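One structure below.
Computed from a predicted model, the values in this text were never measured in an experiment.
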Amino acid sequence: MNEFKKYLSFLVSLGQYITLISDVIIATLKKPPSWWLIRDQLYAMGVLSLPVVAMTGFSTGLVLAAQSFYQLADKGLAGATGIMVAKAMITELGPILTAFMITGRVGAAMCAELGTMKVTEQIDALRSMSVDPNRYLISPRFLSGVFMMPLLTIFSVFMGIFGGYLLSIYFFNLPPANFWDPIRYYVNFFDCFVGLFKAIIFGILTVTICCYKGMKTEGGAAGVGESTTSSVVICYTFILFTNFLITLGLNTLHSEINRLFE
């Protein structure tokens with residue numbers, strides 16, 4: 001019986017989450033939020049996240065270059081180091097690690113802020129003044145997530161490849177042409193599309209999940225802490241699972257399209 005209640009509760013929460021997304025999209029299309037609300041969220045999510053995204057991307061590129069070179073050099077494939085770094089950063093690690101950093105730095109703050117407003121009845125006060133909380137509170141965050149997550153991912157990828165380049169050239173003494181030339185030939189438009197598509201999806205997941213958990217917060221200060229923790233854990237889980245589905249789906253579709261046109 002308890003298992004059935006948990007399953008039913010999960011379905012109810014899933015339905016409420018999907019309803020929240022649709023309500024936010026409808027509210028945004030009907031009457032977009034004020035520019036100053038969007039501007040503040042763009043600054044908080046984008047500009048203030050640049051240092052942590054830069055450090056994450058750069059250090060990941062260093063590790064990828066080191067591991068790739070050590071594994072490939074004794075097999076005469078040291079020239080593939082650039083490909084390994086670029087492919088991994090563009091299609092997988094860039095979008096995932098950027099989403100993780102944004103979830104931890106911005107998503108948790110969103111959930112805590114909205115959760116505090118919920119338990120102190122500020123959201124009810126907005127409704128009493130005929131202000132739509134979805135348009136006023138969630139829509140600016142939603143738009144900033146969709147817009148800034150791809151840009152931050154591109155920046156993270158750039159820093160990762162740059163870090164891998166520096167290590168390969170100045171530590172492993174790999175000629176610059178051996179690092180860059182294979183990237184030009186083997187990294188294609190599809191790889192870039194996969195990375196950007198993942199970034200957009202991860203941005204939507206991060207913002208909507210954290211906002212949903214914040215809007216459903218109950219139980220005072222303790223409830224805010226629980227909602228914030230659970231929102232981060234749920235975001236990480238959904239990002240990893242969604243990443244697998246997107247990778248499998250897009251690559252399968254790409255392979256079938258190539259087979260049809262051969």
Side-chain angles (χ1 to χ4, degrees), residues 46 49-103 146-203 205 236 239-262:
S49 298
L50 287 176
V52 67
V53 170
M55 289 187 292
T56 303
F58 188 79
S59 61
T60 303
L62 293 177
V63 172
L64 283 173
Q67 287 288 355
S68 300
F69 186 86
Y70 284 128
Q71 295 296 323
L72 299 173
D74 59 348
K75 302 174 180 62
L77 298 174
T81 301
I83 304 174
M84 300 291 288
V85 174
K87 283 271 189 179
M89 286 300 303
I90 292 173
T91 61
E92 297 295 334
L93 294 178
I96 288 180
L97 293 178
T98 302
F100 278 7
M101 293 300 104
I102 297 303
T103 299
V146 172
F147 183 74
M148 290 307 305
M149 191 70 82
L151 295 180
L152 290 171
T153 299
I154 292 172
F155 180 64
S156 176
V157 169
F158 171 79
M159 292 301 298
I161 296 176
F162 180 64
Y165 168 78
L166 292 181
L167 187 71
S168 301
I169 302 307
Y170 295 106
F171 187 80
F172 295 125
N173 297 318
L174 191 71
N178 287 8
F179 185 90
W180 291 114
D181 287 350
I183 295 177
R184 253 187 336 177
Y185 293 111
Y186 292 100
V187 175
N188 51 39
F189 172 78
F190 176 73
D191 297 323
C192 299
F193 170 76
V194 170
L196 289 177
F197 183 76
K198 287 181 178 180
I200 295 173
I201 298 300
F202 295 163
L205 286 175
Y236 286 169
I239 286 169
L240 291 173
F241 186 69
T242 305
N243 178 66
F244 164 72
L245 294 179
I246 294 175
T247 299
L248 189 64
L250 289 182
N251 281 281
T252 301
L253 181 63
H254 186 248
S255 299
E256 288 298 319
I257 292 175
N258 287 340
R259 185 178 63 83
L260 289 175
F261 286 95
E262 283 180 353

Using a 3.5 Å cut-off and no angle test, enumerate the donor-acceptor pairs between side-chain atoms of residues 89-102 and protein atoms at least two apart in sequence or in another chain.
{"from": "T91", "atom 1": "OG1", "to": "K87", "atom 2": "O", "distance (Å)": "2.6"}
{"from": "E92", "atom 1": "OE1", "to": "K198", "atom 2": "NZ", "distance (Å)": "3.2"}
{"from": "E92", "atom 1": "OE1", "to": "N243", "atom 2": "ND2", "distance (Å)": "3.0"}
{"from": "E92", "atom 1": "OE2", "to": "K198", "atom 2": "NZ", "distance (Å)": "2.8"}
{"from": "E92", "atom 1": "OE2", "to": "T247", "atom 2": "OG1", "distance (Å)": "3.1"}
{"from": "T98", "atom 1": "OG1", "to": "G94", "atom 2": "O", "distance (Å)": "2.7"}
{"from": "T98", "atom 1": "OG1", "to": "S156", "atom 2": "OG", "distance (Å)": "3.4"}

- Task: Could you list the residues that satisfy side chain to side chain contact (heavy atoms under 4.5 Å, CB included) with L245, not counting sequence neighbours?
- Result: F241
- Message: Looking at M84, I want to see if its CE is surrounded by more than 12 non-hydrogen atoms of other residues, nucleotides or ligands under 6.0 Å.
- Response: no
- Query: Could you walk me through whether N188 and D191 pass the side chain to side chain contact (heavy atoms under 4.5 Å, CB included) check?
  - Reply: CA-CA 6 Å; N188 51 39; D191 297 323; 3.1 Å; yes
- Query: With sequence neighbours left out, which residue pairs that include part of residues 57-67 fulfil the side-chain hydrogen bond (donor to acceptor under 3.5 Å, both in side chains) condition?
  - Reply: none
- Listed partners of F197 passing side chain to side chain contact (heavy atoms under 4.5 Å, CB included), at least two apart: F193, I201, I246, L250
- Task: Using the test side-chain hydrogen bond (donor to acceptor under 3.5 Å, both in side chains), find all partners of T242 that sit at least two apart in sequence or belong to another chain.
- Result: none
- Item | Nearest heavy atoms of A65 and L167, plus distance in Å | CB-CD2, 4.0 Å
- Output every pair passing salt bridge (Lys or Arg N to Asp or Glu O under 4.0 Å) with a member in residues 156-173, not counting sequence neighbours, ordered by first then second residue. none
- Message: I want to know whether F172 and Y70 have ring centres closer than 6.0 Å.
- Response: yes
- Message: Is it the case that atom CZ in F190 sees more than 12 heavy atoms from other parts of the structure closer than 6.0 Å?
- Response: yes
- Using the test side chain to side chain contact (heavy atoms under 4.5 Å, CB included), find all partners of F162 that sit at least two apart in sequence or belong to another chain. F58, L166
- Pairs satisfying side-chain hydrogen bond (donor to acceptor under 3.5 Å, both in side chains), at least one member in residues 76-85, at least two apart: none
- Item | Residues that L151 engages under side chain to side chain contact (heavy atoms under 4.5 Å, CB included), provided they are two or more places apart | F147, M148
- Message: According to side-chain hydrogen bond (donor to acceptor under 3.5 Å, both in side chains), does anything in residues 168-181 pair up with another residue at least two apart or in another chain? List the pairs.
- Response: D181-R184
- Task: Just grab all the salt bridge (Lys or Arg N to Asp or Glu O under 4.0 Å) pairs involving residues 59-80, residues at least two apart or on different chains.
- Result: none
- Message: Listing request: all salt bridge (Lys or Arg N to Asp or Glu O under 4.0 Å) pairs with a residue in residues 150-160, at least two apart in sequence or in separate chains.
- Response: none
